[in-house]
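Working notes, beginning with the structure itself.
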Amino acid sequence: MSGTLFVVATPIGNLEDMTYRAVRILQQVDLIAAEDTRHSRKLLDHYVIRTPLISYHEHNEQQRSVQLIEKLRAGESLALISDAGTPCISDPGYRLVSRCRQAGLPVVAVPGPSALIAALSISGLPTDAFRFVGFLPAKSHGRRQLLEQFKDEQQTLAFYEGPHRLLACLQDIVDVCGADRQLSVARELTKRHEELFSGTAAEAIEYYAAGRVRGELVLLLGPAPQRQPQGTVKEELARLHAETDLSWKQIVKRVAKEFGLPGSEVYKVSLELREAD
Ligand code: SAM
């Protein structure tokens with residue numbers, strides 16, 4: 001009989017957010033694979049969990065996955081945890097889970113906290129559909145390119161971001177998506193200094209420029225206001241080509257959506273412009 005891999009969510013700040021089931025599973029498994037064993041030791045000590053730990057992080061994922069698969073095949077049960085929240089969500093784990101699935105080994109979720117879901121749940125932004133983009137690129141150029149791609153998104157967009165880059169990100173959002181774009185910043189969730197900011201991008205800059213931004217945060221961008229197409233298809237294509245870093249493919253897709261036209265039709269118009277370019 002092969003063992004089971006349990007993917008166990010752990011608190012994102014407040015130790016009381018551990019589920020009963022998570023504690024029991026972590027006590028019962030043969031081995032816990034943790035992103036940072038020293039960090040996780042504190043949580044495990046708190047719940048008197050004495051199960052041995054092994055490191056599993058982005059730098060040893062490949063090789064460690066092979067070892068862990070062998071253990072599962074040999075019948076050992078394993079739990080995977082990350083430093084905080086749900087493993088595999090912008091955290092290591094995906095390779096191990098994927099290998100288990102390929103090998104036909106059972107993988108079981110032990111759900112619990114995730115900063116993404118906690119932030120969405122209190123933001124007041126639409127959550128019937130949302131798009132999680134993970135961490136924003138560290139450099140402004142990359143960030144702006146990504147924001148260009150998503151600026152007309154009709155779903156709430158969710159990003160993980162570090163506090164030191166928040167202001168620069170907000171500035172890029174103002175420049176690319178507009179000063180009036182609604183957003184939320186969920187900071188230090190479940191911790192003593194928990195805070196949720198909601199307002200426009202310009203208001204957010206004003207708010208956060210006043211002092212040093214600290215702690216962990218999730219940035220949520222509200223859906224883009226419905227935009228009425230302006231000018232002709234050709235003019236809009238030319239405008240986007242001149243004003244953005246988008247590829248022709250992205251531009252065609254966006255204009256087709258804006259004007260409610262088939263992509264092939266807009267593509268033909270774009271060819272005229274590209275030839276003239
Ligand atoms: N797997 C985790 C989860 O499910 O939430 C996320 C891991 S990711 C490496 C860490 C990022 O999550 C942080 O940079 C921050 O953006 C966000 N985060 C984690 N804890 C948070 C908290 N207490 N409040 C707000 N954001 C948090």
Side-chain angles (χ1 to χ4, degrees), residues 5-19 21-22 25-26 32-40 42-44 46 55-61 79-98 107-125 127 130-139 142-143 146-147 150 156-170 172-173 183-198 204 207-208 212-221:
L5 173 70
F6 295 92
V7 179
V8 183
T10 57
I12 55 169
N14 190 325
L15 288 187
E16 289 181 11
D17 289 334
M18 191 76 174
T19 68
R21 183 166 170 239
I25 296 285
L26 292 178
I32 299 171
E35 198 182 351
D36 178 342
T37 51
R38 279 174 60 186
H39 173 93
S40 292
K42 286 179 212 150
L43 172 79
L44 301 183
H46 184 84
S55 68
Y56 178 92
H57 46 70
E58 58 176 327
H59 304 296
N60 71 0
E61 260 194 291
L80 175 69
I81 58 175
S82 57
D83 286 352
T86 302
C88 305
I89 308 300
S90 290
D91 262 343
Y94 151 76
R95 285 195 179 82
L96 177 60
V97 172
S98 171
V107 182
V108 168
V110 182
S114 180
L116 165 69
I117 302 300
L120 280 166
S121 72
I122 58 164
S123 68
L125 290 168
T127 48
F130 63 86
R131 192 157 181 163
F132 176 51
V133 192
F135 282 96
L136 277 163
K139 298 216 170 99
R143 238 177 2 241
L146 189 123
L147 289 168
F150 289 119
T156 294
L157 288 168
F159 305 99
Y160 282 159
E161 192 45 280
H164 49 286
R165 278 207 294 264
L166 180 63
L167 269 173
C169 281
L170 292 171
D172 288 336
I173 290 171
L183 59 81
S184 292
V185 179
R187 204 172 58 80
E188 292 290 83
L189 289 166
T190 78
K191 303 184 200 175
R192 184 182 306 171
H193 299 294
E194 170 165 350
E195 175 194 68
L196 183 95
F197 170 89
S198 282
Y207 181 77
Y208 287 108
R212 196 170 142 212
V213 187
R214 291 171 200 272
E216 297 186 286
L217 58 93
V218 182
L219 176 59
L220 301 170
L221 212 50

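Side chains included, hydrogens not; waters and symmetry mates left out as well; all remaining heavy atoms used. Atoms within each ligand, like the ligands themselves, are counted from 1 in listed order. Owing to the predicted nature of the structure, the values given are computational and were not obtained by experimental measurement.
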Sort out the contact shell of ligand 1: every protein residue with a heavy-atom distance below 4.0 Å, listed by chain and number. I12, A84, G85, T86, I89, S90, D91, S114, A115, F135, Y160, E161, A186, E188, L189, K191, E216, L217, V218
For atom CD of E195, is the number of surrounding heavy atoms from other residues, nucleotides or ligands below 6.0 Å larger than 12? yes
Please enumerate all residues that pass side chain to side chain contact (heavy atoms under 4.5 Å, CB included) together with S184, with sequence neighbours excluded. S123, L125, L196, S198, L220
Of all residues at least two apart in sequence or in a different chain, which pass the side chain to side chain donor-acceptor pair (under 3.5 Å) check with E216? K191
Are Y56 and E35 linked by a side-chain donor-acceptor pair shorter than 3.5 Å? no
Could you tabulate the donor-acceptor pairs under 3.5 Å formed by side-chain atoms of residues 85-94, not counting sequence neighbours?
residue: T86; atom: OG1; partner: P113; partner atom: O; Å: 2.8
residue: D91; atom: OD2; partner: S82; partner atom: OG; Å: 2.9

CD1 of I173 to CG of L221: how many Å apart, nearest 0.5 Å? 5.0 Å
